[in-house]
Amino acid sequence: MILETQIANALQNALKNLYNIDIEADPALVQPTRKGFTGDLTVVVFPWVKVARKSPDALGAEIGQQLLENLDCIQDFNVVKGYLNLQIKEDFWLQLLEQESDNEGYGRLETSDEAPVLIEYSSPNTNKPLHLGHIRNNLLGHSVSQILKACGHPVVQVNLVNDRGIHICKSMLAWLKYGNGETPESSGMKGDHLVGKYYVVFDQHYKQEQKELIEQGLTEDEAKDKAPLILEAREMLRKWEAGDPEVRELWATMNGWVYAGFDQTYNRLGIHFDKTYYESQTYLLGKSLVQEGLDKGAFYKHEDGSVRVDFTDEGLDEKVLLRKDGTSVYMTQDLGTAQLRYEEFHPQKMIYVVGNEQNYHFDVLKLVLSKKLEKPFGEAVYHLSYGMVELPSGKMKSREGTVVDADDLMDAMYEEAKKSTEALGKFQFTPEEADKLYEMIGLGALKYFILKVDPSKNMLFNPAESIDFNGNTAPFIQYTHARIRSMLRKGAENGIDLSANLPQLSLNEEEKTLINLLYQYPKTVLAAGDNFSPALIANYCYDLAKQFNHFYQDTPIFKEEDAAKRLLRLKLSRWVSLVLRSGMALLGIEVPEKM
RNA sequence: GGUCCUGUAGUUCAAUGGAUAGAACGAAAGUUUCCUAAACUUUAAAUUUGGGUUCGAUUCCCAGCGGGACUACCA
């Protein structure tokens, strides 16, 4: 941002001096020069053409002349149709290279001591294993956390596990009836998958019962409501809420299986939480807030006994906050956890990574907290709303069995990575090295595939086509990194000292383009933080790797006879490898030394 | 019905209101006695339609058409 800020300030002065125009010295007025034009940075002068009463070309020339005279960093300028293109002195680029090419923290700010940003993500139910939708959630949450840290914010990552409710009772009941005491140990099944299996078993039997009842003359709705299994499940939930020891014990056991399974999946994905909340431990808190709102007259008791809030004047509907039987709904619980988190962490911001199907819910949550309960943290609530992962057949539906299981998908990616690596047969890896590499490549490809898409947009996943390893993918970037690392090892073997200083020398086009691109990295990290968008980092890494490969293709390094040029190119390569590693780490993706 | 989101090459994705709309996959054609060819080069191929605002619109506004979500005492 150094250049942009300097130029923006000089631009402000120039416009004032030349035409008595006042503008904000906004660094965003200075943008990278578009490919195909001469220059490094560009100012668009159209906005001031009218006020200055000059032609775009004349205006650009006059401003350019002022900047040239007043700024040391500018070498030259040219004007094309109102675009003022500035060329930066090579000295600036060379100095940047000398200063930053071995800085592993390049592009990252020191953590400040401001109030933390709290980010909730994952938020699974304990009645079924994680699927592709959860993967997008988890990857986004983790990556945004890393990006915010890199922007200097203290971050607290939290999970909220929905561990109670009718859905869990369904799995429990089916296991009691049809499980024959099956456990993860006895079946060799991962705990979350085992519990998920009985959730499906429940649904199958439940459907069968409904069918029979309909044949006896009941309507579909009646059958759904009167089937013996659902009555039993409800009874079980009632017992759970009453604290029945047997039900509670089974609940604890089966949830324990699920947590063990989740932990494996989380570990493999490389994510962790600073704190995990459980709905069973927090759902009561919300009720006191609902009471508080009732006392204040912010909510009202409907004639059927439920507590509701009216937002018809905000263009929304009325929303139930407490069921007529006094039990809590999702909203009740979210009110409580928000309060709890505020008291525990006093965060400047509370980010909820939740799919866009819940936009309405979070509009209401925020309104209730800020407008109705007048909580100081209401405005801190931020819904990081992301798009659905769709299959060619449409949305994933767990009940219809059209889900892509998270563990299966990771296994498949590993196998793909293994297959491609073995097909190339380039290196002899030990079994341990190979295993690590396949995991790195397979999961990298998966993570990148998901994170490169703008979070707010829906995306498509086609299970029939495996995720690519070529083109705009993680393996492409990983490969570029590995290549550079290999060069650096060779350089070290040949006794090239990368800490030596560069003499005065000039840069070729390829080199300058690369340095210019590396200069963009810190800005990109900040932009990714402002927009909560790992996609910006992913696309940056791809551009950098692509540009490096282009450079590498026709620029000799070890064969270069001029030792100074050789040194420059190696330093530049090292810098690229560090930034690639740093950027990929922000996405939660590791890069190999060899592949 | 109401509210909101969305529409870019055959396909999957890019483009703070700025220049000639970028990539990748797929298709066609090339590059290896040379630092890792999971690479590189070249070709063909796109802004849903109609208005408006603007010096300038893929981007902002309005309308139509297409797709999706929400509109639960589920989460």
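Only a predicted model underlies this, so the values are computations on that prediction, with no experimental measurement involved. Protein chains get the first letters and strands the later ones, always in sequence-line order, with residue 1 at the start of each.
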S.K.: Base, sugar-phosphate, or nothing for A:Leu424, non-hydrogen atoms under 4.0 angstrom?
M.R.: base
S.K.: Just to be sure I understand the rule, does A:His550 reach a base, reach only the sugar-phosphate, or reach nothing, if contact means heavy atoms closer than 4.0 Å?
M.R.: sugar-phosphate
S.K.: Taking all non-hydrogen atoms of both residues into account, name the closest pair between A:Ala227 and A:Tyr206 and its distance.
M.R.: CB-CE1, 3.6 Å
S.K.: Heavy atoms only, 4.0 Å cut-off, all strands: where does A:Val49 land among base, sugar-phosphate and nothing?
M.R.: nothing
S.K.: Between B:G68, B:A39, B:A19, which nucleotide has the shortest distance from any of its atoms to the side chain of A:Gln553?
M.R.: B:A39
S.K.: Within the pair A:Arg483 and B:A37, is there a side-chain N or O less than 4.0 Å away from OP1 or OP2?
M.R.: yes
S.K.: Measure CG/A:Asn359 against P/B:C4 and give the value in whole Å, please.
M.R.: 12 Å
S.K.: Any side-chain N or O of A:Lys546 less than 4.0 Å from the OP1 or OP2 oxygen of B:A24?
M.R.: yes
S.K.: A:Lys426 side chain N/O closer than 4.0 Å to the phosphate oxygens (OP1, OP2) of B:A38?
M.R.: yes
S.K.: Strictly below 4.0 Å: does A:His167 bring a side-chain N or O up to OP1 or OP2 of B:A75?
M.R.: no
S.K.: Under 5.5 Å between ring centres and under 30° between planes: does that hold for A:Phe46 against the base of B:G56?
M.R.: no
S.K.: Once you apply a heavy-atom cut-off of 4.0 Å, does A:Thr126 come out as touching a base, just sugar-phosphate, or nothing?
M.R.: nothing
S.K.: Mind checking if A:Lys324 touches a base, just sugar-phosphate, or nothing, with heavy atoms under 4.0 Å?
M.R.: base
S.K.: Can you tell me the distance, in whole Å, between the CD1 atom of A:Ile484 and the P atom of B:A38?
M.R.: 16 Å
S.K.: Categorize A:Ala535 for me: base, sugar-phosphate, or nothing, with a 4.0 angstrom heavy-atom threshold over every strand shown.
M.R.: nothing
S.K.: Using a 4.0 Å heavy-atom cut-off, does A:Asp325 contact any base of the nucleic acid, only the sugar-phosphate backbone, or nothing at all?
M.R.: nothing
S.K.: Could you check whether A:Tyr542 gets within reach of a base, just the sugar-phosphate, or nothing at all, counting any heavy atom under 4.0 Å?
M.R.: sugar-phosphate
S.K.: Do A:Thr42 and B:A19 have a side chain to base donor-acceptor pair shorter than 3.5 Å?
M.R.: yes
S.K.: Counting just side-chain N and O atoms, does A:Asn470 come under 4.0 Å of either OP1 or OP2 of B:A39?
M.R.: yes
S.K.: Do the side-chain N or O atoms of A:Lys457 get closer than 4.0 angstrom to the phosphate oxygens (OP1, OP2) of B:A14?
M.R.: yes
S.K.: What is the distance, to the nearest angstrom, from the CZ atom on A:Phe449 to the C1' atom on B:C13?
M.R.: 9 Å
S.K.: Please determine, for the side chain of A:Gln31, which listed nucleotide (B:U16, B:G18, B:C40) has the closest atom?
M.R.: B:U16
S.K.: Does a donor on one side chain sit under 3.5 Å from an acceptor on the other, for A:Glu416 and A:Tyr438?
M.R.: no
S.K.: Ignoring hydrogens and angles, are the base of B:A38 and the side chain of A:Asp468 linked by a donor-acceptor pair under 3.5 Å?
M.R.: no
S.K.: For B:A9 and B:G26, measure between their C1' atoms and round to the nearest Å.
M.R.: 12 Å
S.K.: Quick check: on RNA chain B, is the nucleotide nearest A:Ala417 upstream (toward 5') of the one nearest A:Ile557, or the reverse? Name the residue that is more 5'.
M.R.: A:Ile557
S.K.: At less than 4.0 Å, is any side-chain N or O atom of A:Lys50 found next to OP1 or OP2 of B:C55? Yes or no.
M.R.: yes
S.K.: Quick one: which of B:A75, B:G68, B:C13 gets closest to the side chain of A:Asn162?
M.R.: B:A75
S.K.: So what does A:Met595 touch, heavy atoms closer than 4.0 Å: a base, only the sugar-phosphate, or nothing?
M.R.: base
S.K.: Taking atom types as modelled, is there a side-chain donor on A:Thr276 or A:Asn159 under 3.5 Å from an acceptor on the other?
M.R.: no
S.K.: A:Asn127 near the nucleic acid: base, sugar-phosphate alone, or nothing, with a heavy-atom cut-off under 4.0 Å?
M.R.: nothing
S.K.: With a cut-off of less than 4.0 Å, is there a side-chain N or O of A:Arg34 near OP1 or OP2 of B:G22?
M.R.: yes
S.K.: Using atom P of each nucleotide, how far apart are B:U3 and B:C61 to the nearest Å?
M.R.: 16 Å
S.K.: Any stacking of A:Phe469 on B:A38, going by centres under 5.5 angstrom and planes within less than 30 degrees?
M.R.: no
S.K.: For A:Leu544 and B:A14, give me the distance from atom CG to atom C1', rounded to whole Å.
M.R.: 17 Å
S.K.: Please check the phosphate of B:A38 (OP1 and OP2 only) for any side-chain N or O of A:Ser420 closer than 4.0 Å.
M.R.: no
S.K.: How is A:Gln358 classified with respect to the nucleic acid when contacts are heavy atoms under 4.0 Å: base, sugar-phosphate, or nothing?
M.R.: base
S.K.: To the side chain of A:Tyr360, which of B:U12, B:U71, B:G68 is closest?
M.R.: B:U71
S.K.: Among side-chain atoms of A:Gln520 and A:Lys523, is any donor-acceptor pair under 3.5 angstrom?
M.R.: yes
S.K.: A:Leu316 near the nucleic acid: base, sugar-phosphate alone, or nothing, with a heavy-atom cut-off under 4.0 Å?
M.R.: nothing
S.K.: So A:Thr421, base contact, sugar-phosphate only, or nothing? Heavy-atom distance under 4.0 Å.
M.R.: base
S.K.: For B:A75, take OP1 and OP2 only and decide whether either is under 4.0 Å from a side-chain N or O of A:Tyr330.
M.R.: no
S.K.: Taking the six-membered ring of A:Tyr283, is NZ or CZ of A:Arg164 closer than 6.0 Å to its centre and within 45° of its axis?
M.R.: yes
S.K.: Using the six-membered ring wherever Trp is involved, compare the ring planes of A:Tyr540 and A:Tyr521 and label them parallel, tilted or perpendicular (cut-offs 30° and 60°).
M.R.: tilted
S.K.: Would A:Asn162 and A:Tyr278 count as having a side-chain donor-acceptor pair, cut-off 3.5 Å?
M.R.: no
S.K.: How is the base pairing of RNA chain B summarised as a dot-bracket string, given the Watson-Crick and G-U wobble criteria with both distances under 3.5 Å, [ ] for crossing and | for another strand?
M.R.: (((((((..((((....[...)))).(((((.......)))))....(((((..]....))))))))))))....
S.K.: Within the 4.0 Å heavy-atom criterion, would you say A:Pro56 contacts the bases, only the backbone, or no part of the nucleic acid?
M.R.: nothing
S.K.: Look at the side-chain N and O atoms of A:Asn549 and state whether any lies under 4.0 Å from the OP1 or OP2 oxygen of B:C40.
M.R.: yes
S.K.: Measuring from the side chain of A:Met487 (C-beta onward, heavy atoms only), which nucleotide among B:C40, B:C55, B:U36 has the closest atom?
M.R.: B:U36
S.K.: For B:U20, take OP1 and OP2 only and decide whether either is under 4.0 Å from a side-chain N or O of A:Lys35.
M.R.: no
S.K.: Ignoring hydrogens and angles, answer whether the base of B:A38 and the side-chain atoms of A:Thr480 contain a donor-acceptor pair closer than 3.5 Å.
M.R.: no
S.K.: Among B:A75, B:A37, B:G18, which nucleotide sits nearest the side chain of A:Tyr479?
M.R.: B:A37
S.K.: Are A:His361 and A:Tyr330 an aromatic pair by the rule of ring centers under 6.0 Å?
M.R.: yes
S.K.: Please state whether the rings of A:Tyr542 and A:Phe476 are parallel, tilted or perpendicular, taking 30° and 60° as the class boundaries.
M.R.: tilted
S.K.: Among B:G18, B:U36, B:A24, which is the nearest nucleotide to the side chain of A:Val44?
M.R.: B:G18
S.K.: When the aromatic ring centroids of A:Phe551 and A:Phe548 are compared, is their separation below 6.0 Å?
M.R.: yes
S.K.: Where the side chain of A:Phe427 is defined as all heavy atoms beyond and including C-beta, which of B:C70, B:G18, B:U36 is the nearest nucleotide?
M.R.: B:U36
S.K.: What about A:Tyr352 and A:Phe362, are their ring centers closer than 6.0 Å?
M.R.: yes
S.K.: What integer distance in Å separates A:Leu517:CG from B:G22:C1'?
M.R.: 14 Å
S.K.: Do the numbers put A:Lys490 on top of the ring of A:Phe558, so that NZ or CZ is under 6.0 Å from the six-membered ring centre and no more than 45° off the axis?
M.R.: yes
